[in-house]
Chemist: 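One structure coming up, written as structure tokens, with questions to follow.
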Amino acid sequence: MSAASFQDLCDGFCRAAAVEPPVLNEDSEGVMSFSTDIEDVTVNIMHIRSSHPESAFVLVDFGSPADEDKATVLQTLLLVNFTLLGDSTAMAFSIHPVFGTVTLQANYPFRQHDGAHLLKSVRMLVSSAIQWREGHFLSGTRSLPSAAADIASCLRA
């Protein structure tokens with residue numbers, strides 16, 4: 001079942017998460033959004049009907065790298081971005097312009113999916129954020145290609 005509107009997507013997401021869904025209204029710039037924290041990871045889901053009528057945007061706060069690792073971490077994320085190019089669920093890492101944190105931005109074609117699917121996808125992205133916070137994909141058992149492949153699969157699952 002697919003979501004017919006962004007409100008339907010939000011309602012389905014909240015039902016699957018067993019929380020009360022908010023009533024969404026467009027702000028002065030035509031943006032509708034809702035946010036949640038899952039395992040201390042902030043997730044914002046937004047919709048801009050005028051420019052992207054069939055997509056939502058998922059923003060996942062991955063956190064901030066330590067200052068001493070910042071250049072290496074950001075270079076690693078740029079390499080991950082290169083592997084994330086492509087299909088309708090294209091994603092990219094960025095620096096949040098207000099908070100300065102590493103943020104994963106993802107396009108979510110909501111008319112193809114429902115809120116329960118979005119929650120499942122968001123939980124997978126949250127898991128990636130938690131893993132990233134542990135070592136920034138710089139060392140350990142997670143290789144860069146493995147991390148990128150896992151992230152890319154989250155919205156297609």
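Reckoned from all heavy atoms, side chains included, excluding hydrogens, waters and symmetry mates. In this chain, numbering begins with 1 at the start of the sequence shown.
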Chemist: About how many Å separate NZ of Lys120 and CZ of Arg123, when rounded to the nearest 0.5 Å?
Modeler: 11.5 Å
Chemist: By salt bridge (Lys or Arg N to Asp or Glu O under 4.0 Å), which residues pair with Arg15, not counting sequence neighbours?
Modeler: none
Chemist: What distance do Thr72 atom OG1 and Leu77 atom CG have between them, rounded to the nearest 0.5 Å?
Modeler: 11.0 Å
Chemist: I'd like to check Leu104 versus Trp132 (side-chain heavy atoms, cut-off strictly below 4.5 Å). Are they in contact?
Modeler: no
Chemist: Could you see if Leu59 belongs to whatever hydrophobic cluster contains Phe13? Use Ile, Leu, Val, Met, Phe, Trp, Tyr and a side-chain cutoff under 4.5 Å.
Modeler: no
Chemist: According to a 4.5 Å side-chain heavy-atom criterion applied to Ile, Leu, Val, Met, Phe, Trp and Tyr, with indirect links allowed, do Ile95 and Met91 form part of one hydrophobic cluster?
Modeler: yes
Chemist: At what distance, to the nearest 0.5 angstrom, does CG of Asp11 lie from CG of Asp114?
Modeler: 12.0 Å
Chemist: If Ile, Leu, Val, Met, Phe, Trp and Tyr residues are connected whenever their side-chain heavy atoms lie under 4.5 Å apart, and connections chain through other members, are Met46 and Phe62 in the same group?
Modeler: no
Chemist: Sequence neighbours excluded, which residues qualify as side-chain contact (heavy atoms from CB on, under 4.5 Å) partners of Ala56?
Modeler: Phe6, Leu9, Ile45, Tyr108, Phe110
Chemist: For His96, which residues count as a side-chain contact (heavy atoms from CB on, under 4.5 Å) partner, sequence neighbours excluded?
Modeler: Val98, Phe99, Thr101, Thr103
Chemist: Under the rule for side chain to side chain donor-acceptor pair (under 3.5 Å), what residues qualify as partners of Ser94, not counting sequence neighbours?
Modeler: Gln105
Chemist: Just list the side-chain donor-acceptor pairs under 3.5 Å for residues 21-38, sequence neighbours left out, or say none.
Modeler:
unit_1, atom_1, unit_2, atom_2, d
Glu26, OE2, Arg49, NE, 3.0
Glu26, OE2, Arg49, NH2, 2.8
Asp27, OD1, Glu29, N, 2.8
Asp27, OD1, Gly30, N, 3.1
Asp27, OD1, Val31, N, 3.0
Asp37, OD1, Thr42, OG1, 2.7

Chemist: Before giving the answer on side chain to side chain contact (heavy atoms under 4.5 Å, CB included), spell out for Val58 and Val43 the whole-Å C-alpha distance, their side-chain angles and the decisive distance to 0.1 Å.
Modeler: CA-CA 7 Å; Val58 180; Val43 178; 4.1 Å; yes
Chemist: What distance separates Asn44 CG from Phe57 CZ, expressed to the nearest 0.5 Å?
Modeler: 13.5 Å
Chemist: Measuring from Arg133:CZ to Ser64:OG, what's the distance to the nearest 0.5 Å?
Modeler: 9.0 Å
Chemist: Tell me if a side-chain donor or acceptor on Asn81 pairs with a main-chain N or O of Phe93 at a distance below 3.5 Å.
Modeler: yes
Chemist: Enter the distance from Met124:CE to Leu119:CG here, rounded to the nearest 0.5 Å.
Modeler: 12.0 Å
Chemist: Where do Pro65 and Lys70 come nearest, in terms of heavy atoms and distance?
Modeler: CG-CG, 4.0 Å
Chemist: Going by the rule side-chain contact (heavy atoms from CB on, under 4.5 Å), which residues pair with Ile130 if we only count those two or more places apart in sequence or in a different chain?
Modeler: Glu39, Val41, Val126, Glu134
